[in-house]
Q: 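Below are the structure tokens for one structure; questions will follow.
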Amino acid sequence: MTENTQQQHSAPEPELPKTYAPAEVEGPLYERWVDRGYFAADAKSEKSPFTVVIPPPNVTGSLHLGHAFEHTLIDAITRRKRMQGFETLWQPGMDHAGIATQNVVERELAKEAKSRHDLGREAFVERVWKWKGESGGQISGQMRRLGDGVDWDRERFTMDEGLSQAVKTLFKKLYDDELIYRAERIINWCPRCLTAISDIEVEYQDDDGELVSLKYGDGDETVVVATTRAETMLGDTAIAVHPDDERYQHLIGKLIKLPLTDRSIPVVGDTHVDPEFGTGCVKVTPAHDPNDFEIGQRHGLPSIAVMDEHAVITAHGPFQGLDRLEARSAIVAALRAEGRIVAEKRPYTHSVGHCSRCKTTIEPRLSMQWWVKVGPLAKAAGDAVRDGQVKIHPQEMEKRYFDWVDNLHDWCISRQLWWGHRIPVWYGPDGEVVCVGPDDEEPTGEGWTQDSDVLDTWFSSGLWPFSTLGWPEQTESLAKFYPNSVLVTGYDILFFWVARMMMFGLYAMDGTPPFHTIVLHGMVRDQFGKKMSKSFGNAVNPLDWMDKYGSDAVRFTLARGANPGVDVPIGEDWVQGSRNFANKIWNATRFALMNGATVEGELPPAERLSATDRWILSRLNAVVAEVDAYYEDYQFAKLSEALFHFAWDEVFDWYVELTKTTFQEGGQAAEDTKRVLGEVLDVTLKLLHPVVPFVTETLWTTLTGNESLVVADWPTDSGFRDEAAEREIETVQQVITEVRRFRSDQGLQPAQKVPARLTLDGTQLAPHEAAIRQLLRLQPEGEGFAATATLPVSGATVALDLSGTIDVAAERKRLTKDLAAAEKEITAANAKLGNEAFLAKAPDHVVDKIRGRLTKAEADIERIKGQLDALPAA
RNA sequence: GGGCGCGUAGCUCAGGGGUAGAGCGUCGCCCUUACAAGGCGAAUGUCGGCGGUUCGAAACCGUCCGCGCCCACCA
């Protein structure tokens, strides 16, 4: 099909099929682009670089509409930059997604009734690699289908050799700078994934629980504490009260009997306790609560762990072996039996942390982990935005960014997983700890073992903007393409990914931020604004829509909804609408080709052109400027909307219709219009190409005979404007619209020819008589013409002979309505103009506008009254 | 608890001190030789409520109601 169109270009009347069939065109076009190397970025190029990295999709799956959305934006940005002459790199790749991928493969194993422990670490990791090999191809296939102009030769994976070197290098550097350390702290533990996770990997949600108040101690020395996690009381090592709380002053330092155990625990005074809250007494479990851990540290309390990694009670006694929830009710029951439950609140809604990967309730747990000391890194990451080196779009998101980087706790980076970058630290037989850099020998010999943990997956993706370019090697690509130009990603990973890239980029690249601009887009939602999810059943596979309506349609719909930073709803109807638009472009170009539109030769001089041609060229250049400005501001919805309306309303409806008369009349004017129409389509297709690459490529190569739109020059505003022509055509449009309305109200069928006398002499409409007659199906007046309806519009007169068939009632109704509107207008305008305060304070242009409205309304009234008088009696 | 944002046509959303906009949907006429995936015409809104600022408020300010999101060591 594509081959066909190429050949047909030389034919005198190229014939494109009547309907655009995207599915036949898109695949071959994409492969041709790749084969020709359009998307390959050359580090040796003289051109200025423009770099964007893909937010690496997880290998765990396939692309969803969110990816399609993100890729549309990135592809549009990079396609335009490529056309503008930049050496453009869109860096592709995927993320190993440690915990997510390990979970997927573990689930697969579970189907075979195996666990990863049955395989052992090495075999398991091998199995994940195998799985990655099978799954990764799916994603690149989808990206090709979408039309992503990525440099496939540079595709990277966060676990490949080079990126592993980068990870080791950065780890070592941070370690040597004492920005990475190992410490025992309370961490967020997922008892299902069996690993620590970082603070942001915990999702809080309100869960129903039970708040019980427990009486500790005996006799006079009792306190009441409240808890939602009664099972942790087995690990209590103190009671805390506010040091100034007079109620409990006497107890500070005393020992209180801990129920269900044979232990007694001290009462300590700590300012963390809010005396206003509850009883003002807090049970302290340093091994299972972050606050309690802090209190424990301050008072030198012991930490007693009472649960294992599966959240099963390990403390000796009747509760040993119970799961935390079983233990909770068992312990409450036991305490109740002892009469120690003094109050219960059930349900008690409180915020509970869940593992963002598997939704299991997090168990805070004391554990030895590796940490990044984020203080200095986060400070730099914040400053780079504060001092304007890096801009965030939309700007409202900056506040969120600052809130986070300015209040960041140290980052727990070790994971008790097998899939990921192994922590490059070795422990010797005599307690030696050695961090092994990328060029160092790994320690060998008796008793040396490597740390068994792997790094948080975001550690390696934090290096993505430079690790993909070969860092730590000082490659040509790194020199050419770092820093990246723009980062386009969802606001949902601002902290996970963007902030981490900022920290690592600034740190590793000597203060050069990884990108200058951060563009945050929203999330794709369904047509009712609901979040898309598999469980809710409203998730859509973008491939289905692409097969049905074409990638262009999906892309255009997404771009059109892309208002900065806000979520974008999408429904199948809208994709259909975009498909219709693509088809409209197709047919308009088909019309142009059939009528000899050309891009050959210079544009005719403006003096020679008709007002119609000058009008559309004026509008065209204005739209070029408008679209460019929107692109610079990442306003995808606006630019798509502007192009949609310009193309459809102005070019395809008005201009194309107006050219028909010109083409019929022939002569120099027709020749000129062929060139102008060619120009308008040439530029319009170029402007549309970044968003709808396929249909525009097919049409443009046919129209121009050139190789490809992908490497064509991006249009620039020639500066040509002709306001007089714009006003003139607006008037023509008004006349035609007005008479059409009349025709419609009169029940005249669109095709019905009506004899008419046009009195246009001395008005700017005179040159457009033929076009007006054609568009309105107005015949020459001929013999025995009798005007039965006269429409004075814009200083001219259109008199129609309806041969006595005029629907007087309908026309009277229409005119009466118009009259009422005009009278209302006059009242409103007079009210304004009679208001002295308004005249004194309103700016001139507003007053002029109102005066203009008044004048027009007065003229309208005269006209309408005349028309009403002229109507035959009903 | 703190922060951010949003409530505009049936639906999804733009707009933003000077007579209310788009897409989809609805109604009517039409297969007018680029396109019925189309053309032409039409209808539809006290711009969440109440106050205030202003000559003028849907827009700015305050407040209330409703919704969403982010952050937080709410025992």
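Order of the sequence lines sets the chain letters (A, B, ...), proteins ahead of strands, with each chain counted from 1. Quick caveat: nothing in here was measured; it's all calculated off a predicted structure.
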Q: Nearest to the side chain of A:Phe495, which nucleotide is it out of B:C55, B:A22, B:C71?
A: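 Nucleotide nearest to A:Phe495's side chain: B:C71.
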Q: Sticking with atom C1', work out how far B:C6 lies from B:G15, rounded to a whole angstrom.
A: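 To the nearest whole Å, 15 Å.
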Q: Sticking with atom C1', work out how far B:A22 lies from B:G45, rounded to a whole angstrom.
A: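 Looking at atom C1' only, B:A22 and B:G45 are 14 Å apart.
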Q: Just call it for A:Glu396: base, sugar-phosphate, or nothing, with non-hydrogen atoms closer than 4.0 Å on any strand.
A: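 No contact.
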Q: Expressed as a whole number of angstroms, how long is the span from A:Asp206:CG to B:A72:C1'?
A: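 It is 13 Å, rounded to the nearest whole Å.
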Q: Within the structure shown, what part of the strands sits under 4.0 Å from A:Arg853 by heavy-atom distance: base, sugar-phosphate, or nothing?
A: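 A:Arg853: base contact, heavy atoms under 4.0 Å.
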Q: Does B:C50 have a Watson-Crick or wobble partner in any strand here, with both distances under 3.5 angstrom, and which is it?
A: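 B:G62 is the nucleotide pairing with B:C50.
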Q: Check the distance between B:U12's P and A:Leu558's CG and give it to me in whole angstrom.
A: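 Whole-Å distance recorded here is 18 Å.
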Q: Which comes earlier along RNA chain B counting from the 5' end, the contact point of A:Trp404 or that of A:Ala226, where each point is its nearest nucleotide?
A: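 That would be A:Trp404.
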Q: Take atom CZ of A:Phe528 and atom P of B:C24, then tell me their distance rounded to the nearest Å.
A: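 A:Phe528 atom CZ is separated from B:C24 atom P by 16 Å.
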Q: Does any donor-acceptor pair link the side chain of A:Glu825 with the base of B:U19 at a separation under 3.5 Å?
A: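 Indeed there is one.
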Q: Just how far, in rounded Å, is C1' of B:U19 from CZ of A:Phe838?
A: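 Checked: the CZ to C1' distance equals 11 Å.
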Q: Students often get this wrong, so: under 4.0 angstrom with heavy atoms, is A:Lys824 touching a base, only sugar-phosphate, or nothing?
A: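 If one applies the 4.0 Å heavy-atom cut-off, A:Lys824 turns out to touch nothing in the nucleic acid.
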Q: Starting at atom CG of A:Leu520, determine the distance to atom P of B:C4, rounded to an integer number of angstrom.
A: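 Spelled out: CG on A:Leu520 to P on B:C4 is 18 Å.
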Q: At under 4.0 Å between heavy atoms, how does the protein contact nucleotides 30-37 of chain B? Give one character per nucleotide, 5' to 3', with B, S or -.
A: S-B-BBSB
Q: What nucleotide, of B:A22, B:C74, B:A75, holds the atom closest to the side chain of A:Ser351?
A: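 In terms of side-chain proximity for A:Ser351, the closest of B:A22, B:C74, B:A75 is B:C74.
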Q: Kindly compute the distance separating CE (A:Met233) from CD1 (A:Ile331), expressed to the nearest 0.5 Å.
A: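 Answer rounded to 0.5 Å: 6.5 Å.
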Q: Is it true that a side-chain atom of A:Arg853 and a backbone atom of A:Glu825 form a donor plus acceptor pair closer than 3.5 Å?
A: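 Judged by distance alone, no pair lies under 3.5 Å.
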Q: On a whole-Å scale, what distance lies between the C1' atoms belonging to B:U12 and B:G49?
A: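 Their C1' atoms lie roughly 24 Å apart.
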Q: Can you tell me how far P of B:A75 sits from NE2 of A:His350, to the nearest Å?
A: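 Answer to the nearest Å: 7 Å.
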Q: Looking at A:Asp289 and A:Arg229, is there a salt bridge between them, counting it only when a charged N and a carboxylate O are closer than 4.0 Å?
A: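 A salt bridge links A:Arg229 with A:Asp289.
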Q: Specify the separation, in whole Å, of atom CD of A:Glu572 and atom P of B:G25.
A: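 The distance from CD of A:Glu572 to P of B:G25 comes to 13 Å, rounded to the nearest Å.
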Q: Please check the phosphate of B:G39 (OP1 and OP2 only) for any side-chain N or O of A:Trp648 closer than 4.0 Å.
A: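 For B:G39, OP1/OP2 do have a side-chain N/O of A:Trp648 under 4.0 Å.
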Q: Could you let me know what B:G5 is paired to, Watson-Crick or G-U wobble, both distances under 3.5 Å, or none if it's on its own?
A: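 WC or wobble partner is B:C67.
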Q: Contact class for A:Asp567 (heavy atom, under 4.0 Å): base, sugar-phosphate, or nothing?
A: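 Here A:Asp567 touches no strand at all.
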Q: Do the side-chain N and O atoms of A:His242 and A:Asp274 include a donor-acceptor pair separated by under 3.5 angstrom?
A: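 The answer is no; no qualifying pair exists.
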Q: Given atom OH of A:Tyr491 and atom C1' of B:C71, what is their separation to the nearest angstrom?
A: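 In whole Å, B:C71 C1' and A:Tyr491 OH are 15 Å from each other.
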Q: Using the C1' atoms only, state how far B:G62 lies from B:U54, rounded to an integer number of Å.
A: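 So the two C1' atoms sit 16 Å from each other.
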Q: Would you mind telling me which of A:Lys817, A:Lys813, A:Arg814 makes a salt bridge (charged side-chain N to carboxylate O under 4.0 Å, His left out) with A:Asp745?
A: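 Exactly one pass, corresponding to A:Arg814.
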Q: According to a strict under-4.0 Å criterion, is A:Lys638 in side-chain N/O contact with OP1 or OP2 of B:G15?
A: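 Checking B:G15 against A:Lys638, a side-chain N or O does come within under 4.0 Å of OP1 or OP2.
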Q: So, taking the atom named CG in A:Leu593 and the one named CG in A:Leu699, what distance separates them when rounded to the nearest 0.5 Å?
A: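 That separation rounds to 7.5 Å.
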Q: With a 4.0 Å cut-off on N to O distance, would you call A:Lys345 and A:Glu210 a salt bridge?
A: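 Judged by the 4.0 Å cut-off on N to carboxylate O distance, A:Lys345 and A:Glu210 do not form a salt bridge.
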Q: Does B:C31 have a Watson-Crick or wobble partner in any strand here, with both distances under 3.5 angstrom, and which is it?
A: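 Pair assignment: B:C31 / none.
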Q: Which listed nucleotide (B:C24, B:A14, B:G18) is nearest to the side chain of A:Asp573?
A: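 In terms of side-chain proximity for A:Asp573, the closest of B:C24, B:A14, B:G18 is B:C24.
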Q: Among B:C69, B:A75, B:G18, which nucleotide sits nearest the side chain of A:Arg400?
A: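 Closest nucleotide to the A:Arg400 side chain: B:C69.
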Q: Measuring from the side chain of A:Lys841 (C-beta onward, heavy atoms only), which nucleotide among B:U12, B:C55, B:G41 has the closest atom?
A: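 Nearest listed nucleotide: B:C55.
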Q: Taking B:A36 as the reference, what is the distance to B:G18 when you measure between their P atoms (whole Å, please)?
A: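 Pairwise P distance, B:G18 against B:A36, rounds to 42 Å.
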Q: Which part of the nucleic acid does A:His845 contact within heavy-atom distance under 4.0 Å: base, sugar-phosphate only, or nothing?
A: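 Answer is nothing: A:His845 stays at 4.0 Å or more from every strand.
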Q: Report the base-pairing partner of B:A42 (Watson-Crick or G-U wobble, both distances below 3.5 angstrom), or none.
A: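 Because both required distances fall under 3.5 Å, B:A42 counts as paired with B:U26.
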Q: Here's a test of your reading of the structure: between A:Phe644 and A:Asp289, which maps to the more 5' nucleotide of RNA chain B?
A: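 The 5'-side residue here is A:Phe644.
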Q: Ignoring the backbone of A:Arg740, work out which of B:G41, B:C4, B:U12 is nearest its side chain.
A: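 Out of B:G41, B:C4, B:U12, the nucleotide with an atom closest to A:Arg740's side chain is B:G41.
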Q: Does the A:Asp526 side chain pair with the main chain of A:Asn538, one donor and one acceptor, at a distance under 3.5 Å?
A: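 Flag not set: sc A:Asp526 to bb A:Asn538 has no pair under 3.5 Å.
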Q: What ring-ring contact (aromatic ring centres under 6.0 Å, His included) pairs are there with at least one residue in residues 558-582 of chain A, not counting sequence neighbours?
A: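 Sorted pair list: A:Phe556-A:Phe581, A:Phe581-A:Phe644, A:Phe581-A:Trp648.
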Q: Base, sugar-phosphate alone, or nothing: which one does A:Val568 contact when heavy atoms must sit under 4.0 Å apart?
A: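 Here A:Val568 touches no strand at all.
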Q: Searching all strands shown, indicate the nucleotide that pairs with B:A20 (Watson-Crick or G-U wobble; both distances under 3.5 Å).
A: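 B:A20 is paired with nothing.
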Q: May I ask you to decide if A:Phe838's main-chain N or O and A:Asn835's side chain share a donor-acceptor pair within less than 3.5 Å?
A: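 Yes, because the side chain of A:Asn835 sits within donor-acceptor range (under 3.5 Å) of the backbone of A:Phe838.
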